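Reading through the structure tokens given below for one structure.
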Amino acid sequence: MTQPDQFTHAAPLSELRIDLDALAANWLFLKSRLGAGADCAGVVKADAYGLGAVPVTRALYAQGCRHFFVAHVGEAMEILPLLEDLRTAATADRAQIYVLNGPRGMTARDMAAAGLTPVLNSVEDIFYWLEKASDAPAVLHIDTGMNRLGLSTSDLDRDDVLAAISKLNLRYVMSHLACGDEPAHALNARQLAAFKQAAVRLGRPLRLSLANSSGIFLGGDYHFDLARPGCALYGINPVPSNNPMRPVAALSARIVQIRAVPAGETIGYGASYTVPETSNSGIKIYATLSLGYADGFLRSVSGRGAVYINGQRCPLVGRVSMDSIVADVSDLATPPKTGDMAEVLGASQSVDALAADAGTIGYEILTSLGRRYTRIYTGTTI
Ligand SMILES: *Cc1c(COP(=O)(O)O)cnc(C)c1O
């Protein structure tokens, strides 16, 4: 029996480390893929994919990023004071905040007064913005095949729409790729062609933006004047081959109990896992970790998945509970102790690997990250 240890009892139960140097390196790498004429934005919607919009925005700004995309006006208001401060502190070099979901959630007048730039996603948005905010800047979104948001290319057949667009103070005309992460998908080239055609149709020189993270890797044809990477900044793999990005988030959870469980007994809700007989009549040892679906460790990982202790794989057993998961640690050369940390995301397990075990994508893993973690930001840009 080990002595009760003050330190491990008082220490945080789980830690989410966010490496802002890796984030900065990822942005610089993406920017380096673009031609000299193209700018690189940072997509910081959904609290910067769960990693913290304010520290992420600050770190990207420090690298020279001046274009920030959010989905909601509320998200814009979270980073607006920071960007105002940075502007007065550093230069007159003003950063722009673009709101992807359009002029909603706040009046157009207030949005324009705050200096926020909406993405106009429909004919209705265009008329509304012109009437209420007149020549305040906006971005025009043309749908080229995603069929989610944006003007249909057929809307550009209407003279009243073209006349209204000609009155807009447009910073960019944008579209969004549906299959950028599948380079061989025929829709990429079709969307590219439709986007170019729409730009010609608008009949005046306009700055264009098409590529998300994956789109940057489709080649120079897709880069235009502004790229809008999100996921790749945060270490999610934007390409079907080896991940060129650096991991940004590392998550670890503390072992709160270790127990030997006899063969034939079950572990967790629903008794879905039965402790097997061991060949050498050894005893099976399990570690309970302080992490569950309330922390964004998705319940769909139940019955598969693993955590890593000292780089060694420890399979998870039974169902994911709200506040805990259980890992089989029987095979570890050095048995872990209560209070040790297990790696959930990090050098041994990427966001994409955990996402595969959860039957989802890295985006959902990051944006689900919970609020109970002790968050530690590291890097020179904090
Ligand atoms: C979320 C989003 C992005 C960023 O996409 P990633 O795949 O995360 O790089 C870019 N543009 C639009 C319109 C988006 O909604």
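As the structure is a computational prediction, the values presented were derived from the model and not from experiment. Any value given below was found using the heavy atoms of this structure, including those in side chains, with hydrogens, waters and symmetry copies removed.
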For this session: Would you sort out whether Arg228 and Val43 count as a side chain to side chain contact (heavy atoms under 4.5 Å, CB included), showing the intermediate values?
Result: CA-CA 6 Å; Arg228 308 184 308 269; Val43 178; 3.9 Å; yes
Problem set entry | Ion pair Arg313/Asp331, N-O distance below 4.0 Å | no
Problem set entry | Side-chain (Asp295) to main-chain (Gly292) donor-acceptor, under 3.5 angstrom | yes
Problem set entry | Pairs touching residues 185-214 that satisfy ring pair (Phe, Tyr, Trp, His ring centres under 6.0 Å), sequence neighbours left out | Phe195-Phe224
For this session: Give a yes or no on whether the backbone of Gly339 and the side-chain of Arg254 come within a donor-acceptor separation of less than 3.5 Å.
Result: yes
Problem set entry | Side chains of Ile255 and Ile309 in contact at under 4.5 Å (non-hydrogen atoms) | yes
Problem set entry | Pairwise ring pair (Phe, Tyr, Trp, His ring centres under 6.0 Å) hits with a residue in residues 136-168, at least two apart | none
Problem set entry | Reported CG-to-CD distance for the pair Leu23 and Gln63, which is rounded to 0.5 angstrom | 8.5 Å
Exercise. Looking only at heavy atoms, what is the nearest atom pair of Asn121 and Asn101, with distance?
Worked result: ND2-C, 3.8 Å
Problem set entry | Non-hydrogen side-chain atoms of Met106 and Val99 separated by less than 4.5 Å | no
For this session: Measure from the side-chain N and O atoms of Asp160 to the backbone N and O of Ala163, and report whether any donor-acceptor pair falls under 3.5 Å.
Result: no
For this session: Taking the side chain as every heavy atom from C-beta outward, state whether Ile142 and Leu140 have any atom pair closer than 4.5 Å.
Result: yes
Problem set entry | Side chains of Leu151 and Ile165 in contact at under 4.5 Å (non-hydrogen atoms) | yes
Exercise. Would Glu84 and Arg94 satisfy side chain to side chain contact (heavy atoms under 4.5 Å, CB included), going step by step from the backbone distance to the final call?
Worked result: CA-CA 8 Å; Glu84 291 291 324; Arg94 186 171 187 158; 3.3 Å; yes
Exercise. Does a side-chain heavy-atom distance below 4.5 Å link Pro262 with Val275?
Worked result: no
Exercise. So do His176 and Leu100 actually touch side chain to side chain, heavy atoms under 4.5 Å?
Worked result: no
For this session: Quick one: closest heavy-atom pair of Arg375 and Gly52, and the distance?
Result: NH1-N, 4.0 Å
For this session: Establish, from distance only, whether the side-chain atoms of Asp21 and Thr380 form a donor-acceptor pair under 3.5 Å.
Result: yes
Exercise. When you look at Ser330 and Asp328, which way does the side chain to side chain donor-acceptor pair (under 3.5 Å) test go after all the steps?
Worked result: CA-CA 6 Å; Ser330 314; Asp328 181 350; 2.6 Å; yes
Exercise. So does Arg372 pair up with Asp323, basic N to acidic O under 4.0 Å?
Worked result: yes
Exercise. Hey, does Ile216 have a side-chain heavy atom less than 4.5 Å from the side chain of His223?
Worked result: yes
Problem set entry | Geometric cation-pi criterion Arg259 and Tyr286, 6.0 Å radius, 45° cone | no
For this session: For the residue pair Pro244 and Phe217, establish whether any side-chain heavy-atom pair is separated by less than 4.5 Å.
Result: yes
Exercise. Is the NZ or CZ atom of Arg17 positioned over Tyr377's six-membered ring, under 6.0 angstrom from the centre and within 45° of the axis?
Worked result: no
For this session: Give the ring-plane orientation class for Tyr98 versus His67, where under 30° counts as parallel, over 60° as perpendicular and anything between as tilted.
Result: parallel
